[in-house]
Chemist: 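Encoded as structure tokens, here's the structure I'll be asking about.
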Amino acid sequence: MSSDSSRYINPVSDAYEVKSEAKRSSSLSDATVGLVDSMLNPGAMWGQGILDAAEEFLSRTQTSLTFARVARTPVGGPSPARWATAMAEQYSALVTAAGD
């Protein structure tokens with residue numbers, strides 16, 4: 001299968017639609033990265049472990065980054081589009097831990 005991004009689909013979507021890639025910054029120099037725990041059971045700490053590993057790796061490869069932890073309940077809260085817009089205004093990039 002091609003690695004072309006136009007072939008990626010949402011596994012929970014009722015219908016397939018082509019999505020464009022998100023805008024990318026040309027540099028993450030001095031950027032703030034939001035580390036988002038969006039696990040269904042945040043008390044289990046799985047998401048935090050995933051985010052800890054991502055932060056450790058990114059901080060070794062991009063020493064000028066700063067990190068902020070962000071809680072995101074996968075159920076309820078603002079619409080995904082509204083939430084994404086708010087996050088884009090605050091952070092240069094997001095790393096999200098999502099699952100059960």
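All values below come from the heavy atoms of this structure, side chains included, with hydrogens, waters and symmetry mates left out.
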Chemist: Do Val95 and Phe67 sit in the same hydrophobic cluster, where Ile, Leu, Val, Met, Phe, Trp and Tyr count as joined when their side-chain heavy atoms come under 4.5 Å apart?
Modeler: yes
Chemist: Linking directly or through intermediates, with side-chain heavy atoms under 4.5 Å: list the remaining ILVMFWY members grouped with Met39, chain and number order.
Modeler: Trp46
Chemist: Do Leu65 and Leu35 share a hydrophobic cluster, counting only Ile, Leu, Val, Met, Phe, Trp and Tyr and linking them when any side-chain heavy atoms are less than 4.5 Å apart?
Modeler: yes
Chemist: Only pairs at least two apart or in different chains count here, so list each side chain to side chain donor-acceptor pair (under 3.5 Å) that has a residue in residues 78-97.
Modeler: none
Chemist: Nearest 0.5 Å, please: how far is CG in Leu58 from OG1 in Thr63?
Modeler: 12.0 Å
Chemist: For residues 49-56, which side-chain N or O atoms pair as donor and acceptor with protein atoms under 3.5 Å away, sequence neighbours left out?
Modeler:
residue : atom : partner : partner atom : Å
Asp52   : OD1  : Arg69   : NH1          : 3.3
Asp52   : OD1  : Arg69   : NH2          : 2.6
Glu55   : OE1  : Arg69   : NH2          : 2.9

